[in-house]
Amino acid sequence: MCGRYASTRKPAQLAREFDAVDVTGGDAPGPDYNIQPTHPVLVITGDHPNEWNRSVGGHRAGRIVRVMTWGLVPRWAKDPAIGSRMFAARVETVADKPAFRDAAAARRCLLPADGWYEWVRGPGRKYPFYSTRYDGSALAIAGIWSSWSDPEPGSTRRLDTCAVLTTPAVGPLAAIGERMPLLLPPSAWDRWLDTTADVDTVSDLMVPPPAAELTAIEVRPVSREVNRAQHHGPRLTRRFDWTSVTPDLDTSALLRQG
DNA sequence: CCAGACGTTGTT
DNA sequence: GTCTGG
DNA sequence: CCAGACGTTGTT
DNA sequence: GTCTGG
């Protein structure tokens, strides 16, 4: 599904592309071609009234660029470590799951991405693919978020966390797996981020997109270098010929029948 | 009632 | 906090 | 998502 | 095999 992705745009650039106000205050993660759960990520949210004061000095901001930790920690969690396995939520169930329900109803967001990785099980090992737009423009992955406060007496620790949404794979993504991240076109962003409205108002967005929307996406094999968390460079996204290191691998056999 | 989980993917 | 399982 | 650990007592 | 850490 979507447990690793690339996001290389700086907050100022995201502010332009997403028509948002940057409130990261120099505290943003840098470009990263290998973002993993539990790491800081740049996120776009709407400007829910309850957030005005904290975000932008009491003024309405439209959309906001902010930093969160990937891996949703529900408000009620005693230990934020639970977030490490709450990094993805299914569109089919997100509105009902105790861990995600509140966030789906009231705190939706977008995770800007250059592309994302999927692994396909091959003979003996798994092989990664990278999916990105041919034209290089940013993807917007639908997400949900939570604001956690440490319940320990005396603690003032706060943590903003998020999770991506997944949907059944469509188009070229169906060739490499069952799931893919829920990608939203710019025309859907306002409605998705308007969390003054009920989750029912976006149920039409929480479905597999028309395959026609996926024609802009290229899916390409990449090196297994991405497996290692400490690798972060642009070469991770470069097309890679596995037969150069695994001569007997039948690449086409990894892919499903259309 | 209390205790314990709260999630996904993919594989068997 | 809320649901599920025992 | 993958990689890497997977344990305790007791001493510094 | 399964959990934790990144």
Side-chain angles (χ1 to χ4, degrees), chain A residues 1-7 29-30 32-41 67-107 111 113-132 139 141-152 159 161-170 173-182 199 206 208 219-233 236-237 240 242 254-256:
Chain A
M1 37 101 189
C2 182
R4 296 281 181 98
Y5 71 100
S7 187
D32 191 347
Y33 291 89
N34 195 5
I35 298 173
Q36 305 141 51
T38 73
H39 286 211
V41 292
V67 181
M68 298 189 190
T69 299
W70 187 15
L72 190 141
V73 179
R75 303 183 59 79
W76 40 258
K78 294 180 193 74
D79 180 357
I82 191 176
S84 67
R85 60 180 188 282
M86 301 284 185
F87 59 87
R90 299 169 65 94
V91 294
E92 297 93 326
T93 55
V94 66
D96 300 317
K97 294 286 185 183
F100 295 141
R101 189 176 48 195
D102 296 350
R107 288 178 302 279
L111 287 77
D114 295 29
W116 77 96
Y117 301 92
E118 303 276 359
W119 279 259
V120 175
R121 186 169 294 281
R125 39 181 48 164
K126 294 171 79 173
Y127 294 87
F129 287 80
Y130 180 67
S131 300
T132 189
L139 298 165
I141 302 175
I144 55 176
W145 66 282
S146 171
S147 188
W148 178 82
S149 296
D150 189 345
E152 281 302 302
L159 197 58
T161 62
C162 60
V164 298
L165 266 60
T166 71
T167 187
V170 168
L173 280 308
I176 61 167
E178 300 290 331
R179 310 289 300 180
M180 59 179 248
L182 179 63
V199 67
M206 296 171 56
V219 181
R220 60 180 185 245
V222 293
S223 158
R224 295 195 310 118
E225 275 183 273
V226 70
N227 289 15
R228 293 203 162 264
Q230 53 270 57
H231 294 156
H232 295 284
L236 299 180
T237 66
F240 184 80
W242 296 321
L254 290 181
L255 308 180
R256 292 157 194 278

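Chain letters run A, B, ... following the sequence lines, proteins first and then strands; every chain starts at 1.
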Novice: A:Asn227 CG to E:dG6 P: how many Å, rounded?
Specialist: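 It works out to 18 Å between those atoms.
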
Novice: Would you call the rings of A:Tyr127 and A:Trp242 parallel, tilted or perpendicular if under 30° counts as parallel and over 60° as perpendicular?
Specialist: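 Tilted.
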
Novice: What is the distance, to the nearest angstrom, from the CZ atom on A:Arg121 to the P atom on B:dT8?
Specialist: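 For the pair A:Arg121 CZ and B:dT8 P, the rounded distance is 20 Å.
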
Novice: Are any of the side-chain heavy atoms of A:Val67 and A:Pro29 separated by less than 4.5 Å?
Specialist: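 Yes. Closest side-chain heavy atoms under 4.5 Å.
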
Novice: I'd like the P distance from D:dG7 over to B:dC1, given in whole Å.
Specialist: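 Between the two P atoms, the distance is 36 Å.
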
Novice: What integer number of Å spans the P atoms of E:dC3 and B:dG4?
Specialist: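 It comes out at 16 Å once rounded to the nearest Å.
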
Novice: Have A:Thr166 and A:Arg90 got a donor and an acceptor in their side chains that come within less than 3.5 Å?
Specialist: no

Novice: Atom CD1 of A:Ile144 to atom P of B:dG7: distance rounded to whole Å?
Specialist: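 These atoms are roughly 10 Å apart.
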
Novice: Can you tell me the distance, in whole Å, between the NZ atom of A:Lys97 and the C1' atom of B:dG7?
Specialist: 7 Å

Novice: When you get a sec, tell me which of B:dT9, E:dG6, D:dG4 is the closest nucleotide to the side chain of A:Arg90?
Specialist: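 Between B:dT9, E:dG6, D:dG4, the one nearest the side chain of A:Arg90 would be B:dT9.
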
Novice: State the pairing partner of B:dG4; accept Watson-Crick or G-U wobble contacts with both distances under 3.5 Å, and report none otherwise.
Specialist: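 Partner of B:dG4: C:dC3.
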
Novice: Side-chain contact test, heavy atoms from C-beta onward, threshold under 4.5 Å: evaluate it for A:His39 versus A:Trp70 and give yes or no.
Specialist: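 Sidechains of A:Trp70 and A:His39: no contact.
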
Novice: Output the single nucleotide from B:dT8, E:dG6, C:dC3 whose closest atom is nearest the side chain of A:Thr93.
Specialist: B:dT8

Novice: So, OP1 or OP2 of B:dG7: does either fall under 4.0 Å of a side-chain N or O from A:Thr166?
Specialist: no

Novice: Could you give the distance separating B:dA3 and D:dT8 at their P atoms, to the nearest angstrom?
Specialist: 24 Å

Novice: Nearest to the side chain of A:Ser84, which nucleotide is it out of D:dA3, E:dG6, D:dC2?
Specialist: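 For A:Ser84, the side-chain atoms sit closest to E:dG6.
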
Novice: Figure out the OH/P separation between A:Tyr33 and E:dG6, and round it to whole Å.
Specialist: 25 Å

Novice: Roughly how many Å is it from NZ in A:Lys78 to C1' in C:dT2, rounded to a whole number?
Specialist: 12 Å

Novice: Ring-on-base stacking between A:Trp76 and B:dC6, under 5.5 Å between centres and under 30° between planes: is it there?
Specialist: yes

Novice: Between E:dG6 and B:dC6, how far is it from one C1' atom to the other, in whole Å?
Specialist: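 About 22 Å, rounded to a whole number of Å.
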
Novice: Mind checking whether A:Lys126 and A:Arg224 have side chains closer than 4.5 Å, heavy atoms only?
Specialist: no

Novice: Round to a whole Å and report the spacing from CZ of A:Arg85 to P of D:dC2.
Specialist: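 The distance from CZ of A:Arg85 to P of D:dC2 comes to 18 Å, rounded to the nearest Å.
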
Novice: Any base atoms under 4.0 Å from A:Ala229, or only sugar-phosphate, or nothing? Heavy atoms, all strands.
Specialist: nothing

Novice: Under 4.0 Å between any heavy atoms, over every strand shown, what does A:Gln230 touch: base, sugar-phosphate, or nothing? Just pick one.
Specialist: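 Nothing: the residue A:Gln230, judged by heavy atoms under 4.0 Å, touches no strand.
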
Novice: To the nearest angstrom, how far is A:Trp119 atom CH2 from B:dT11 atom P?
Specialist: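 It is 14 Å, rounded to the nearest whole Å.
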
Novice: At under 4.0 Å between heavy atoms, what does A:Arg101 touch on the DNA or RNA strands: base, sugar-phosphate, or nothing?
Specialist: sugar-phosphate

Novice: Under 4.0 Å, heavy atoms only, any strand: does A:Phe100 hit a base, just the sugar-phosphate, or nothing?
Specialist: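 Result for A:Phe100 = sugar-phosphate.
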
Novice: Expressed as a whole number of Å, how far does the P atom of E:dT2 sit from that of B:dA5?
Specialist: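 E:dT2 and B:dA5 have their P atoms separated by 15 Å.
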
Novice: In Å, rounded to the nearest 0.5 Å, how long is the span from NE2 of A:His231 to CG of A:Leu236?
Specialist: 7.5 Å

